[in-house]
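Positions are given from 1, in the same order as the sequence printed here.
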Amino acid sequence: MRRYYLLIFLLPLAFSFSVADYLFDNESLSDVSYENFTFNGSAYSIVYLDNRPILVLDREKEEVLTDNESILAVVETHLNSKYAPSPQDVEELKAIIQRFNESRNDGYTWKGKEEYACRNDVLFSGGKVSIGGEPVTCIDDDSCYRNALLLMSAYGEGLGWSDINPILSALKDFSLSSFQMDWILNNYTEKLNSMTSDNAPEVLNYILDNVDTLRENSEKIETTVFRTPRHDDDADKEACMFVCYSVCPSFDLDQGALDDLEAKAQEMLDRLGPLSDLDSYEETLLKENWRRLNYRQNEDAARLYSSRFSSLSANSEQLLQKLEKATSLVDNGILKRKYNEFRALHLSIPARIEERNFSNIEQDLENYQALKGELSSLSESALSAYYKARDSRNYALFIITTLDSRVLDSVAKSSLNDLKTRLSDLNEQFKPGLSEAEWLELADAYSEVAKEGEALLNSQTTQPQMLLVSFLENAAVNLNKGGAQLGKTANLDETTSLNLLFILLALSVFSLVVLVFLHFFSSFSFSIPKAFHIFFSWFLVFSFALFLFFSLLYLFAFNQPADLSIFLESIEKKDEVVIALKLSDMPVAQKELVKECANELVEESSKNISVLAIEEGCSLITDKGSTPLSSAECSSLAQRSDIIVAYREDSATLFSADPPRAYMYGDAEYFESCPMKVFVG
């Protein structure tokens with residue numbers, strides 16, 4: 001009956017017991033019960049779920065037993081002490097068997113003359129009579145036939161037996177039933193004498209299985225035609241009339257003893273509980289114990305691995321986004337392969353933890369950690385090459401745009417056209433899928449264009465004709481500072497300085513007109529001294545010079561960068577940059593280009609970029625999404641914007657010094673290259 005094949009291993013566990021930790025999702029604590037007992041002075045419990053044994057608990061240590069041999073030793077000892085039949089029960093059962101057996105020959109009419117007397121003395125079926133040295137015993141067809149012949153010779157003439165067949169049939173019914181009862185009752189006694197807790201179910205079931213056979217046999221004996229009817233039993237007398245031969249005593253076997261035997265055996269079998277099918281009980285218990293310990297171990301392991309993976313995967317989503325971008329922009333086979341491995345592990349590890357599949361998970365976690373560190377460096381290197389090329393492109397574009405807005409001589413214009421052609425060729429190459437080396441080569445090429453553009457820009461400022469330009473630019477810077485200060489109270493009024501210049505220009509024109517009118521009027525109406533003519537001429541020249549100065553200053557303030565260095569220095573110090581988009585007057589296509597450019601800045605810039613989108617309403621766009629603003633909030637944010645973007649047919653970038661601010665004007669072609677990246681990219 002051994003069951004060592006049922007379970008194999010379990011690692012020792014030490015934790016405070018809570019049965020809820022061992023229940024599956026579809027199981028309820030309300031269905032749990034405990035059977036408490038003591039073994040070798042220690043307290044134990046068998047835990048049942050829906051009356052099915054699932055765990056063995058050491059209550060003092062508050063732990064589940066994990067060794068099969070220990071479980072079986074504890075459980076079997078407890079089950080035997082609680083459910084095994086007691087010696088008193090066995091003796092009571094033996095006494096009932098003995099009572100029935102004695103009733104077979106205790107005599108009904110004649111004391112001590114009943115079944116055995118009939119079998120041995122009258123029917124010669126007990127081996128008492130011998131023929132040829134062999135006892136006569138009816139135990140099979142041949143022996144019963146010989147026994148019937150003996151009966152015919154002894155009683156045939158007196159009883160008028162002329163045919164052996166009825167005698168043979170009646171003899172076999174009686175003799176075989178009597179011997180079978182001997183055999184069964186003898187087996188009962190032997191089995192009870194050797195009964196243990198292990199074979200108790202077998203013994204008791206054997207008793208129950210044969211009680212009906214004893215009843216049938218006892219009834220055959222009591223109704224044999226060889227009997228004498230019971231003198232006080234009218235029914236038996238009537239049944240025997242003209243049928244019975246009265247060669248045997250009357251019979252009255254104790255059928256009540258058989259009823260008592262059946263009831264007692266069934267009672268003892270019912271009280272065996274788990275012992276009635278111990279193999280099945282222990283198999284269920286060991287399997288459930290293992291299954292739930294394994295479940296608990298898996299749950300503990302899942303919590304452990306989940307915690308470890310959670311720690312390892314911190315910021316992994318950002319890294320994956322970074323890697324997605326890097327692999328889409330830069331052609332790097334090693335980066336792409338390792339990225340795919342990392343992404344697969346990032347998805348498979350939590351899935352396997354959820355499935356409680358921990359095979360090779362330690363190695364996978366180590367690989368995940370190693371790949372994360374390696375990919376962080378690889379992606380940084382790849383994107384660094386791309387960003388270097390991008391920033392070099394933007395700066396080259398800014399230099400070329402600055403040159404394009406200047407008044408250049410023919411030689412400088414030719415050089416600028418050459419630079420623009422080279423820039424255009426480089427822009428054709430600026431496409432995702434280049435290797436790191438190719439991006440760096442492209443960055444160097446852009447830097448060379450920017451360097452030559454800077455040289456060309458610097459060369460223009462040293463020429464005599466550009467000295468006036470420089471003077472006028474400085475004047476425009478100072479005027480812009482004053483205009484910006486005056487325009488602080490006006491929402492997004494970047495033209496304050498330009499309006500002031502326009503007023504001064506208008507005053508100078510008005511002065512010239514008035515002077516000319518007075519000169520002609522006085523010439524025809526008055527006699528004017530020569531000195532006055534001289535003074536008037538000088539004043540006229542001065543007014544004309546003033547007109548020319550303000551005209552040029554207006555043009556420079558309108559078309560030239562006023563203070564780039566101050567603006568760049570201010571931007572460099574800021575962690576957050578606010579870009580205001582004046583979308584109201586832009587064509588639809590232009591709006592989309594400007595919005596796309598602003599979104600790129602929000603996603604790519606190392607600074608915190610906030611975009612103020614001003615259209616019919618006003619909204620704030622950051623890396624966290626878009627938020628509608630009230631009019632007051634919009635106005636407040638607009639006043640501290642760093643870059644103002646608006647639509648204009650001719651491209652220009654203007655700056656104010658106080659506060660440092662850039663005003664970027666352009667058409668669709670201008671903003672297609674996203675020039676704001678020069679400042680905050």
### Query
Is there a donor-acceptor contact under 3.5 Å linking the side chains of E299 and Y22?
no
### Task
Supply the atom-to-atom distance L329 CG to S379 OG, rounded to the nearest 0.5 angstrom.
12.0 Å
#### Entry: Verdict with supporting geometry, L320 and K325, side chain to side chain contact (heavy atoms under 4.5 Å, CB included)
CA-CA 8 Å; L320 285 168; K325 183 174 183 178; over 6 Å; no
### Task
Please confirm whether F430 and W439 have ring centers closer than 6.0 angstrom.
yes
### Query
Can you find a pair of side-chain heavy atoms, one from S610 and one from L620, that are under 4.5 Å apart?
yes
### Query
Is there a donor-acceptor pair under 3.5 Å between the side chain of S310 and the backbone N or O of S306?
no
### Message
Quick one about S447 and Y395 (side-chain donor to acceptor, distance below 3.5 Å, no hydrogens or angles considered), yes or no?
### Response
no
### Task
For the pair R356 (side chain) and E354 (backbone), establish whether a donor and an acceptor sit closer than 3.5 Å, ignoring hydrogens and angles.
yes
### Task
Could you give me the CA-CA distance, side-chain angles and deciding distance for D391 and Y386, then say whether side-chain hydrogen bond (donor to acceptor under 3.5 Å, both in side chains) is met?
CA-CA 9 Å; D391 295 344; Y386 164 74; over 6 Å; no
### Message
Distance check, rounded to the nearest 0.5 Å: K595 atom NZ versus L581 atom CG?
### Response
9.0 Å
### Query
Should we count CG of L347 as having more than 12 external heavy atoms under 6.0 Å?
yes
### Message
With a 6.0 Å cut-off (strictly less than), is the heavy-atom count around CG of D25, excluding the residue itself, greater than 12?
### Response
no
### Over-ring placement of R343 relative to Y339, 6.0 Å and 45° cut-offs
yes
### Message
Could you check whether any side-chain N or O of E438 sits under 3.5 Å from a backbone N or O of S435, counting only pairs where one atom can act as donor and the other as acceptor?
### Response
yes
### Message
Checking E362 against Y305: is there a side-chain donor and acceptor pair closer than 3.5 Å?
### Response
yes
### Query
Measuring from L378:CG to K322:NZ, what's the distance to the nearest 0.5 Å?
11.0 Å
### Query
Should Y647 and Y665 be marked as a ring pair (Phe, Tyr, Trp, His ring centres under 6.0 Å) after you check the CA-CA gap, both sets of side-chain angles, and the distance that decides it?
CA-CA 5 Å; Y647 179 78; Y665 299 94; over 10 Å; no
### Message
Looking at D331 and K336, is there a salt bridge between them, counting it only when a charged N and a carboxylate O are closer than 4.0 Å?
### Response
no
### Query
Do any pairs count as a ring pair (Phe, Tyr, Trp, His ring centres under 6.0 Å) and have a residue in residues 575-599, sequence neighbours left out, and if so which ones?
none
### Message
Between D425 and Q429, is there a side-chain donor-acceptor contact under 3.5 Å, judged purely by atom types and distance?
### Response
no
#### Entry: Minimal non-hydrogen separation, A396 against A450, with atom names
CA-CB, 3.8 Å
### Task
Check whether any side-chain N or O of N360 sits under 3.5 Å from a backbone N or O of Q363 as a donor-acceptor pair, and report yes or no.
no
### Summary
Sorted by chain and number, sequence neighbours left out, side-chain hydrogen bond (donor to acceptor under 3.5 Å, both in side chains) with Q369 holds for none
### Message
Would you compute the distance between atom CG of L312 and atom CZ of R308 and round it to the nearest 0.5 angstrom?
### Response
7.0 Å
### Query
Strictly by modelled atom types, are N357 and S359 linked by a side-chain donor-acceptor pair under 3.5 Å?
yes
### Query
Are a donor atom and an acceptor atom from the side chains of E633 and S636 found within less than 3.5 Å of each other?
no
### Query
Between N340 and R337, is any side-chain donor less than 3.5 angstrom from a side-chain acceptor?
no
### Task
Could you walk me through whether Y368 and S313 pass the side-chain hydrogen bond (donor to acceptor under 3.5 Å, both in side chains) test, one step at a time?
CA-CA 9 Å; Y368 184 87; S313 62; 4.8 Å; no
